[in-house]
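Values below: every heavy atom of this structure, side chains too, minus hydrogens, waters and symmetry copies.
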Amino acid sequence: MAETTAERIARVLAERIVSGELAPGVPLRQDRVAAEFESSHVPAREAFQLLRAQGLLISEPRRGMRVAPLDHASMQEIVEIRASLEVLALTHAAPKLNAACLNKIERALLAGEQAHSIIEWEQANRAFHRELVAPCKMPRLLAMLEKLQLANSRIIFSATRSAGWQPGSSYAHRQILGALKKRDFAKATALLQRHIRGLERATGSVEENMDE
């Protein structure tokens, strides 16, 4: 299905928000966005609503649309919810993983290990987690996880701006994939939950970065 103008605008703005190009609290105006994308105000307004539904924009009385905050409480909430929902999705997906599914997961893992920038790594990381749970065949759950992954990516980008990023192998991802290949689903879900909750350490770096 072809991407609509509103979806294209939302996708581009989401990338800017996630990468930190558009910082928390920055206001967005429909007329300026419409002019940039050479569209009418209607798709710009629809794009804002899509971003609001993804938790990337907020609407404030008399202040209009702004980039959503990235405070410690919201980051902790993201980690808690994602840890629960992604483990739920993997619980349903794991028994359905076949050789083709495992191959997709491994390709995403290798792409992350061979990444030369945080942008490449983050795209591979998102692909790894998406392929991990795709076979669960629960569209509402997958849609929620897609939104949470965007929020997760904001935390990663913000943390790496303060701490720096270095390429390296993803030991946690390899552990999860290894357990799935052995059909040890209980171990795989436990490893996934521990892996996601490890992001709580990064939230401290983000908070310190925002206080500087």
Side-chain angles (χ1 to χ4, degrees), residues 1-71 74-75 77-79 81-82 85-86 89 93 101 104-105 107-108 111-112 115-161 165 199 206 210:
M1 185 180 296
E3 187 178 47
T4 67
T5 301
E7 288 170 341
R8 179 172 64 87
I9 295 172
R11 174 175 53 79
V12 174
L13 293 179
E15 290 170 358
R16 294 176 185 175
I17 294 170
V18 167
S19 68
E21 182 180 343
L22 288 173
V26 167
L28 291 181
R29 289 180 50 180
Q30 282 186 28
D31 55 348
R32 292 180 181 175
V33 170
E36 178 185 351
F37 289 90
E38 300 179 340
S39 73
S40 69
H41 283 216
V42 174
R45 183 168 61 249
E46 291 175 352
F48 282 8
Q49 294 307 317
L50 289 171
L51 291 167
R52 188 179 180 186
Q54 291 174 336
L56 297 178
L57 289 185
I58 59 172
S59 178
E60 298 181 335
R62 297 183 297 279
R63 298 184 71 185
M65 287 288 189
R66 292 179 175 270
V67 176
L70 195 61
D71 55 76
S74 63
M75 288 187 289
E77 183 181 17
I78 289 163
V79 172
I81 297 173
R82 183 169 164 241
L85 294 187
E86 194 163 327
C101 295
K104 289 180 181 178
I105 296 170
R107 285 206 303 269
H116 297 291
S117 69
I118 180 57
I119 293 175
E120 290 181 3
W121 181 88
E122 191 278 328
Q123 290 173 342
N125 180 66
R126 202 184 303 184
F128 176 87
H129 286 276
R130 182 174 58 248
E131 296 299 342
L132 202 63
V133 298
C136 79
K137 302 300 182 183
M138 302 172 74
R140 292 180 181 83
L141 178 57
L142 292 175
M144 286 188 282
L145 284 173
E146 191 71 23
K147 295 175 185 176
L148 288 168
Q149 188 62 47
L150 279 175
N152 177 85
S153 297
R154 287 186 78 194
I155 298 172
I156 290 172
F157 273 108
S158 189
T160 54
R161 279 197 299 276
W165 176 80
L199 188 62
V206 175
M210 291 188 297

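A donor-acceptor pair is defined here as one N or O able to donate and one able to accept, closer than 3.5 Å; such a pair exists between the side chain of R66 and the backbone of G25. Counting only distance, with no hydrogens or angles, the side chain of S153 and the backbone of Q149 share a donor-acceptor pair below 3.5 Å. Between the side chain of E7 and the backbone N or O of E3 there is no donor-acceptor pair closer than 3.5 Å.
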Just list the side-chain donor-acceptor pairs under 3.5 Å for residues 33-46, sequence neighbours left out, or say none.
from, atom 1, to, atom 2, distance (Å)
E36, OE1, R16, NH1, 3.3
E36, OE2, R16, NH1, 3.1
E36, OE2, R16, NH2, 2.5
S40, OG, V42, N, 3.4

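Other residues, nucleotides and ligands contribute over 12 non-hydrogen atoms within 6.0 Å of the CZ atom of R11.
Here the options are H129, E122, Q123, the test is side chain to side chain donor-acceptor pair (under 3.5 Å), and the partner is R126; only E122 passes.
At least one side-chain heavy atom of E146 sits under 4.5 Å from a side-chain heavy atom of R130. Considering only heavy atoms from C-beta on, L141 stays 4.5 Å or farther from V133 through its side chain. Taking the side chain as every heavy atom from C-beta outward, L56 and K147 never approach each other to under 4.5 Å.
Considering all non-hydrogen atoms of both residues, A47 and A6 come closest at CB-O, 3.4 Å. Nearest approach of L85 to L148, heavy atoms of both residues: CD1-CD1, 3.9 Å. In plain terms, the two heavy atoms of P135 and C101 that are nearest each other are CG-SG, 3.9 Å.
Residue I17 holds its CD1 atom at 10.5 Å from CD of E15, rounded to the nearest 0.5 Å. We find the CZ-CG distance between R8 and L13 to be 10.0 Å, quoted to the nearest 0.5 Å. In this structure, CZ in R29 is found 14.5 Å from CE in M65, a value given to the nearest 0.5 Å. For the atom pair CG of L142 and SG of C136, the computed distance is 4.0 Å after rounding to the nearest 0.5 Å. To the nearest 0.5 Å, atom CG of residue L28 and atom CG of residue L51 are 8.0 Å apart. From I81, atom CD1 reaches atom CD of E86 across 13.0 Å, with rounding to the nearest 0.5 Å.
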